[in-house]
Every structure is written in C-alpha cells, then in structure tokens.
Student: 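One structure coming up, written as structure tokens, with questions to follow.
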Amino acid sequence: MEAIDGCFRTHASLVRSYLRRLIPWQEVDDVTQVVFAEVWRSRERYDPDRSLETWLLSIAHRRAVDHLRVRRLSTVSLDVVADPPGQDGRVDSERLADRDRVRRALAVLPDPQREAIELAYYGDLSQREIAERLHVPLGTVKARTARGLHRLQTILAAA
C-alpha cells in the first residue's frame with residue numbers, strides 16, 4: 001500500500017495536469033482517483049522496463065475518455081441566457097440586435113456545423129477538444145467550422 005501512496009504523491013500532479021486538458025476542471029479530482037484505483041488494481045501489469053509516467057498517462061487517457069462517454073452534457077438554450085448589462089447598467093441595443101442576428105444565422109446552419117462553432121466560440125474549446133468531445137477526427141471539426149463560418153458570413157452579409 002505504501003507503493004501506491006508514494007506513486008500518488010509523486011505523480012498525482014502530473015495526472016491532474018494531463019486530465020485538465022481533457023475533461024472539465026471540476027471533474028479532474030474524481031477521475032484522478034479512478035486512475036489511481038486502476039493503477040492499484042492492475043499493478044501486476046506494469047512493466048518496470050518502461051516509463052511509469054507513460055503507463056500512468058495512458059491509464060488516465062482511457063479513464064478520461066470513458067468519463068466523457070458516459071457524461072451528459074448540460075446545454076442551455078441561447079434564448080434562455082440573460083443578456084449582460086452595458087457599461088452603465090443598461091443593455092446596449094445595438095449589441096443585442098447583432099446577437100439576435102447571429103443567433104438566427106446559427107439556427108440556419110446544419111447541426112454539425114452549428115455545434116462545432118458553438119463549442120468553439122461559446123464553449124471556448126479548441127478544435128482538438130471539440131474533436132475529442134464529439135468523437136470525430138480533428139479534420140472533420142476543422143472542415144465543419146470552416147464551412148459553418150463561411151456559411152455564417154454569407155447569411156449575415158445577406159441580412
């Protein structure tokens with residue numbers, strides 16, 4: 001048991017840092033615990049001739065993917081989100097009009113393109129993070145985003 005305690009003390013920060021890039025920060029500690037529980041259960045499979053860090057991170061990666069697969073994403077409709085106040089506490093009507101035009105234009109896009117754009121701009125995710133979350137290749141996310149932004153530009157220019 002001392003070995004797993006030492007492993008945890010030495011490598012938990014590495015595992016947490018790695019997981020922060022894959023899953024929401026609020027869930028990192030829970031998945032870290034799952035990772036080290038698996039490390040303990042599968043300790044006989046560790047090959048001491050190989051890198052311990054690589055073995056730990058491969059387990060962390062698999063547990064992060066499993067975690068994301070079973071996780072339900074909570075989404076909030078853009079119509080429900082309150083509009084932020086302007087500098088002096090009042091709502092800037094021009095910004096609201098622009099926001100409304102963008103919402104309507106996004107609603108016209110095909111779902112895959114709209115989803116990629118919303119995750120990038122509203123979810124503040126990188127294209128790699130979007131690809132991992134949607135379980136699609138990175139090139140697919142790039143294509144969906146580029147096509148969606150081009151189409152969005154065309155729709156907004158026509159409006």
Side-chain angles (χ1 to χ4, degrees), residues 8 11-39 41-42 45-46 50-86 91-159:
F8 183 84
H11 299 290
S13 61
L14 171 71
V15 171
R16 281 190 189 99
S17 176
Y18 179 75
L19 289 172
R20 273 189 210 103
R21 292 183 286 155
L22 302 174
I23 61 176
W25 65 269
Q26 309 92 309
E27 300 165 14
V28 167
D29 285 336
D30 293 338
V31 177
T32 300
Q33 292 300 320
V34 171
V35 168
F36 281 96
E38 181 170 336
V39 167
R41 281 191 310 273
S42 59
R45 287 188 275 156
Y46 171 65
R50 298 191 175 244
S51 165
L52 175 61
E53 290 83 4
T54 302
W55 185 65
L56 290 170
L57 294 181
S58 68
I59 292 172
H61 181 80
R62 288 192 305 270
R63 293 304 67 86
V65 169
D66 290 346
H67 179 76
L68 291 172
R69 282 187 180 140
V70 299
R71 192 170 151 253
R72 280 276 189 228
L73 296 178
S74 59
T75 57
V76 176
S77 169
L78 292 177
D79 297 329
V80 176
V81 177
D83 295 315
V91 178
D92 183 0
S93 63
E94 190 172 314
R95 259 190 355 192
L96 280 176
D98 288 344
R99 187 177 306 145
D100 188 51
R101 281 192 290 275
V102 170
R103 278 187 197 154
R104 284 183 297 191
L106 279 169
V108 174
L109 294 178
D111 288 341
Q113 292 174 4
R114 180 187 41 74
E115 185 176 35
I117 291 171
E118 286 177 347
L119 287 171
Y121 290 92
Y122 297 114
D124 199 30
L125 298 177
S126 69
Q127 289 183 326
R128 184 171 307 285
E129 291 169 328
I130 294 168
E132 290 171 358
R133 179 163 296 176
L134 299 178
H135 307 293
V136 296
L138 179 59
T140 301
V141 171
K142 289 181 178 185
R144 287 177 183 176
T145 304
R147 287 186 191 119
L149 289 173
H150 179 48
R151 189 178 228 164
L152 205 57
Q153 179 183 16
T154 304
I155 294 167
L156 291 171

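Note that the structure is a prediction, hence the values are computed from the model and not measured.
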Student: Under a 4.0 Å N-O cut-off, is there an ion pair linking R103 with D100?
Tutor: no
Student: Is the shortest side-chain heavy-atom distance between D66 and R63 below 4.5 Å?
Tutor: yes
Student: Using atom types as modelled, flag every donor-acceptor pair under 3.5 Å from a side chain in residues 142-159 to any protein atom, sequence neighbours excluded.
Tutor:
from, atom 1, to, atom 2, distance (Å)
T145, OG1, V141, O, 2.8
T154, OG1, H150, O, 3.0

Student: Tell me if the CZ atom of R62 is crowded by more than 12 foreign heavy atoms within 6.0 Å.
Tutor: yes
Student: Between side-chain atoms of residues 21-29 and protein atoms elsewhere (two or more places apart, or another chain), which donor-acceptor pairs fall under 3.5 Å?
Tutor:
from, atom 1, to, atom 2, distance (Å)
E27, OE1, H67, NE2, 2.5
E27, OE1, R71, NE, 3.2
E27, OE2, R71, NE, 3.3
D29, OD1, R16, NE, 2.9

Student: List the atom of E38, the atom of I59, and the distance in Å for their closest heavy-atom pair.
Tutor: CD-CG2, 3.8 Å
Student: Where does the angle between the aromatic ring planes of F8 and F36 fall among parallel (under 30°), tilted (30 to 60°) and perpendicular (over 60°)?
Tutor: perpendicular
Student: What pairs with R45 under salt bridge (Lys or Arg N to Asp or Glu O under 4.0 Å), at least two apart in sequence or on another chain?
Tutor: none
Student: Nearest heavy-atom pair of L125 and E129: which atoms, and what distance?
Tutor: CA-OE1, 3.3 Å
Student: Inspect the contact between E118 and R114 and indicate whether a charged nitrogen and a carboxylate oxygen are less than 4.0 angstrom apart.
Tutor: yes
Student: Show the numbers, then the answer: is there a side-chain contact (heavy atoms from CB on, under 4.5 Å) between L106 and Y122?
Tutor: CA-CA 12 Å; L106 279 169; Y122 297 114; 3.8 Å; yes
Student: Compare all side-chain heavy atoms of W55 with those of V39 and state whether any distance is below 4.5 angstrom.
Tutor: yes
Student: Where is the tightest heavy-atom contact between A64 and V31, given as atom of each residue plus distance?
Tutor: N-CG1, 4.3 Å
Student: For atom OH of Y46, is the number of surrounding heavy atoms from other residues, nucleotides or ligands below 6.0 Å larger than 12?
Tutor: yes
Student: Are L68 and V65 close enough that some pair of their side-chain heavy atoms sits under 4.5 Å apart?
Tutor: no
